[in-house]
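Lettering follows sequence order; numbering is per chain, from 1.
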There are 2 protein chains.
Amino acid sequence: MNTDYIKTFLAVYRSGSFVEVAKDQNLAPSSVSRSISALENLLKTRLFQRTTRNLTPTRAGEIYFERIAPLIEEMDLTHQSLIDAAATPSGRLRVTASVTYGQVVIAPRLKLFRERYPNIDVELLLSDGQVDLVNGQVDIAIRHGNLPDSTLVARKLADVNYRLVSSKTYLEQNEIPKSPDELRQHELVTFVYDNFRYAWVFEANGDTCTLPIKPALTISSAAAIRQCVINGAGISLLADWMIEEDLRKGRLVELLPDWKVSGASSDSAIWLVYPSSRFIPAKSKAFANFLLN
Amino acid sequence: MNTDYIKTFLAVYRSGSFVEVAKDQNLAPSSVSRSISALENLLKTRLFQRTTRNLTPTRAGEIYFERIAPLIEEMDLTHQSLIDAAATPSGRLRVTASVTYGQVVIAPRLKLFRERYPNIDVELLLSDGQVDLVNGQVDIAIRHGNLPDSTLVARKLADVNYRLVSSKTYLEQNEIPKSPDELRQHELVTFVYDNFRYAWVFEANGDTCTLPIKPALTISSAAAIRQCVINGAGISLLADWMIEEDLRKGRLVELLPDWKVSGASSDSAIWLVYPSSRFIPAKSKAFANFLLN
DNA sequence: TTCATAATTGCTTATAGCACACTAATGAAT
DNA sequence: ATTCATTAGTGTGCTATAAGCAATTATGAA
């Protein structure tokens with residue numbers, strides 16, 4: 001069943017002429033004629049009694065019009081409302097991110113986002129485990145490291161640069177390292193992941209130098225590492241987004257700022273991941289663009 | 001918009017599997033996939049979040065289902081009820097016939113028709129003028145003579161034979177004619193129409209004889225002619241269907257029964273005419289078949 | 001009766017829909 | 001972890017459907 005047939009029926013019923021409907025809808029009159037005929041064949045009932053000069057609905061045609069017109073209208077409304085909903089950003093947006101990134105980067109920006117898009121209710125799910133994008137009813141996930149899943153669509157939110165940091169108090173009690181090599185004599189705090197726990201990579205003026213490390217503390221949470229370092233536990237490698245404020249407020253101090261430093265695999269970044277490629281809801285786009293600016 | 005797409009969407013929503021729906025509806029799974037995709041493109045909204053193992057409706061899909069399912073159901077009901085109405089004889093049947101034929105032939109049979117088809121309400125419009133079949137909302141017309149209208153569809157209800165009749169009292173006062181020729185000396189009563197007023201045609205054993213007549217009375221109504229003849233006004237030519245009962249009850253007597261007699265143009269009949277060719281409602285068919293038996 | 005216009009029908013072309021074969025993905029079982 | 005079975009998605013070719021154009025028929029009005 002094609003509702004276009006029904007729509008031409010409704011138009012013919014209202015205008016009382018095949019030709020007029022054909023003009024209105026940019027169709028050949030023959031198409032209108034055939035549409036009506038097709039409907040009549042389907043219903044096994046004549047809907048209009050017609051000569052070339054006269055077009056009157058049959059009783060069946062009247063009944064059909066009465067019953068079908070509101071249904072078609074309601075259907076169009078339903079469709080249009082879905083299309084509109086896809087076009088204007090609104091509804092509930094579920095965002096997932098790691099606990100730390102959520103607290104440090106996302107949460108502080110949510111107030112401004114709400115001011116800009118008051119129709120989008122944000123639900124922020126902070127979890128360091130993998131959240132299932134497909135079934136978890138999540139609209140956007142923020143992921144660290146390299147692209148996690150090939151079927152999903154990702155946009156790079158930011159490159160991550162690591163900085164060698166320590167607290168003032170630690171530096172007051174220890175010698176300030178002047179080169180990577182000198183770090184060997186220091187209390188090093190590191191992440192448990194393989195990329196970080198065995199070696200750090202330093203780069204400056206085209207020179208690359210890999211420093212095998214023997215960590216004093218190995219911790220699974222970046223936030224905990226940060227806390228330890230602030231408390232003077234030693235020197236660590238932390239992502240720039242996490243310690244920006246700490247540096248500004250002097251809670252942490254950057255060491256060897258002339259060296260670019262990273263874990264063993266250096267190409268880490270923050271990714272913004274959508275669960276499906278084709279239909280990205282307007283609310284998701286709005287949030288993504290907001291974070292990218 | 002094709003409602004088949006929506007119907008496959010509904011089926012997928014309910015069953016939760018493309019393949020199952022494909023089997024149910026004898027489609028290739030790829031067709032189901034494409035149907036859903038087409039709908040999604042139309043709505044610019046993803047309706048299902050799917051992997052090869054997992055199919056869950058999105059929020060939009062749920063909303064769409066809630067709103068569209070009752071509409072589709074209602075639409076199907078509407079269509080089916082029209083189809084059913086066309087299949088089972090019921091409703092109001094408007095029949096038109098000449099005043100005399102209606103009174104004499106149709107009306108006496110209506111009681112039996114009602115008993116057989118209690119769901120058909122009959123409206124019998126008796127008129128000697130032409131009733132417009134197309135706009136007059138008439139379902140069946142009964143017409144005399146030759147086919148009146150080429151676009152309409154007609155079935156022959158009965159051949160009409162004419163009989164030469166008179167009343168007993170008239171025959172007691174006059175000589176009984178033994179041959180057509182002897183009619184010249186009688187009081188002849190005739191219809192105004194040209195076919196009848198100038199000559200009557202007699203036929204027997206292959207012989208044809210045209211008798212020019214000089215009518216004593218010329219009347220425009222067959223019923224009035226009949227009444228006059230019953231009252232002894234003379235001899236006339238009347239259609240068999242009109243005088244059958246009169247002959248049985250002796251109110252009229254047939255003359256020259258061995259001769260087949262008619263007006264100038266002999267091929268008259270009673271026709272049953274439908275206003276349109278293609279869709280003959282069940283009620284009309286029922287009435288037509290009833291009259292033909 | 002003629003005329004102009006409306007519906008219809010035949011014919012041709014363009015589009016859409018379908019099945020088939022194949023690929024990719026993924027959850028479960030081993 | 002790896003294999004396996006099953007399921008969604010894609011490319012391709014064929015067929016059915018729908019659209020326009022042109023010609024035909026019909027009919028109400030002048």
Side-chain angles (χ1 to χ4, degrees), chain A residues 1-9 11-13 15-42 46-58 61 130 132-135 148-153 275-279, chain B residues 1-9 11-13 15-42 46-58 61 130 132-135 148-153 275-279:
Chain A
M1 251 310 300
N2 198 322
T3 57
D4 293 346
Y5 289 167
I6 303 178
K7 282 183 188 171
T8 52
F9 163 77
V12 168
Y13 190 96
S15 81
S17 155
F18 281 31
V19 174
E20 200 174 314
V21 171
K23 275 180 196 156
D24 280 4
Q25 316 201 353
N26 268 56
L27 283 173
S30 58
S31 298
V32 177
S33 172
R34 273 187 256 257
S35 293
I36 301 297
S37 293
L39 245 191
E40 289 178 330
N41 279 321
L42 191 84
R46 190 146 262 248
L47 297 171
F48 295 105
Q49 209 55 262
R50 45 197 186 275
T51 69
T52 52
R53 294 286 150 170
N54 212 307
L55 190 72
T56 47
T58 61
Q130 278 283 70
D132 186 353
L133 277 179
V134 174
N135 293 325
D149 193 325
S150 59
T151 59
L152 308 174
V153 172
S276 92
S277 54
R278 252 184 308 182
F279 299 102
Chain B
M1 250 312 299
N2 197 322
T3 57
D4 292 348
Y5 289 168
I6 303 179
K7 282 183 187 171
T8 54
F9 163 77
V12 168
Y13 190 95
S15 79
S17 154
F18 281 29
V19 174
E20 199 175 313
V21 171
K23 276 180 196 157
D24 280 3
Q25 315 200 354
N26 267 56
L27 285 173
S30 57
S31 299
V32 177
S33 172
R34 274 185 253 256
S35 293
I36 301 297
S37 294
L39 246 191
E40 290 177 331
N41 279 320
L42 191 85
R46 189 147 262 248
L47 296 171
F48 294 105
Q49 209 54 264
R50 44 200 186 273
T51 69
T52 52
R53 292 285 151 169
N54 214 307
L55 191 71
T56 47
T58 60
Q130 279 282 71
D132 186 353
L133 277 179
V134 174
N135 294 325
D149 193 325
S150 59
T151 60
L152 308 175
V153 172
S276 92
S277 55
R278 252 185 306 182
F279 299 102

Participant: Look for any protein N or O under 3.5 Å of an N or O in nucleotides 2-6 of chain C and output each such pair with its distance, or none.
Facilitator:
unit_1 : atom_1 : unit_2  : atom_2 : d
C:dA4  : N3     : A:Arg53 : NH2    : 3.1
C:dT5  : O4'    : A:Arg53 : NH2    : 3.2
C:dT5  : N1     : A:Arg53 : NH2    : 3.4
C:dT5  : O2     : A:Arg53 : NH2    : 2.1
C:dA6  : O4'    : A:Thr52 : O      : 3.0
C:dA6  : O3'    : A:Thr52 : O      : 3.4

Participant: Output the rounded distance in Å from CG (A:Leu39) to P (D:dA18).
Facilitator: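 So the CG-P distance, A:Leu39 to D:dA18, works out to 11 Å.
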Participant: For B:Ile36 and B:Phe9, which heavy atoms make the closest approach, and how far apart are they?
Facilitator: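 Minimum heavy-atom contact is CD1-CA, 3.6 Å.
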Participant: What is the distance, rounded to the nearest whole Å, between atom CZ of B:Arg50 and atom P of D:dT10?
Facilitator: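 My rounded result for the distance is 9 Å.
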Participant: Taking distance alone, no hydrogens or angles, what donor-acceptor pairs closer than 3.5 Å link side-chain atoms of residues 15-22 of chain A to residues at least two apart or in another chain?
Facilitator:
unit_1  : atom_1 : unit_2  : atom_2 : d
A:Ser15 : OG     : A:Ala11 : O      : 3.3
A:Ser15 : OG     : A:Ser17 : N      : 3.2
A:Ser15 : OG     : A:Ser17 : O      : 3.3
A:Ser17 : OG     : A:Val19 : N      : 3.3
A:Ser17 : OG     : A:Glu20 : N      : 3.1

Participant: What is the distance from CD of A:Glu40 to P of C:dT9, rounded to the nearest Å?
Facilitator: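 After rounding, the gap between these two atoms is 11 Å.
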Participant: Taking B:Gln49 for the side chain and B:Thr58 for the main chain, is one N or O donor matched with an acceptor at less than 3.5 Å?
Facilitator: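 Absent.
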Participant: Each nucleotide in nucleotides 11-18 of chain C should get exactly one letter: B, S or -. Can you fill that in based on protein heavy atoms under 4.0 Å?
Facilitator: B-----SS
Participant: List the atom of B:Ile6, the atom of B:Leu39, and the distance in Å for their closest heavy-atom pair.
Facilitator: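 Closest heavy-atom pair between B:Ile6 and B:Leu39: CA-CD1, 4.1 Å.
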Participant: Please confirm whether the shortest side-chain N or O distance from B:Ser30 to OP1 or OP2 of D:dT10 is below 4.0 Å.
Facilitator: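 So the side chain of B:Ser30 is outside the cut-off, no N or O lying under 4.0 Å from OP1 or OP2 of D:dT10.
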Participant: Nearest whole Å is fine: how far is C:dT8 C1' from A:Leu55 CG?
Facilitator: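 One finds 13 Å between C1' of C:dT8 and CG of A:Leu55, rounded.
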Participant: Distance check needed: D:dA8 C1' versus B:Glu20 CD, whole Å only.
Facilitator: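 These atoms are roughly 15 Å apart.
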Participant: If you take all heavy atoms of A:Thr56 and A:Asn54, which pair is closest and at what distance?
Facilitator: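 Taking every non-hydrogen atom into account, CG2-OD1, 3.6 Å.
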Participant: Tell me, please, which residues at least two apart from B:Tyr5 pass ring-ring contact (aromatic ring centres under 6.0 Å, His included).
Facilitator: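 Scan of B:Tyr5 (ring-ring contact (aromatic ring centres under 6.0 Å, His included), adjacent residues dropped) gives none.
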Participant: Would you give me the side-chain donor-acceptor pairs under 3.5 Å for residues 24-35 of chain B, sequence neighbours excluded?
Facilitator:
unit_1  : atom_1 : unit_2  : atom_2 : d
B:Ser35 : OG     : B:Ser31 : O      : 3.0

Participant: Just jot down the side chain to side chain contact (heavy atoms under 4.5 Å, CB included) partners of B:Thr3, sequence neighbours excluded, or say none.
Facilitator: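 Side chain to side chain contact (heavy atoms under 4.5 Å, CB included) check on B:Thr3 returns A:Met1, A:Thr3, A:Met75, B:Ile72, B:Met75.
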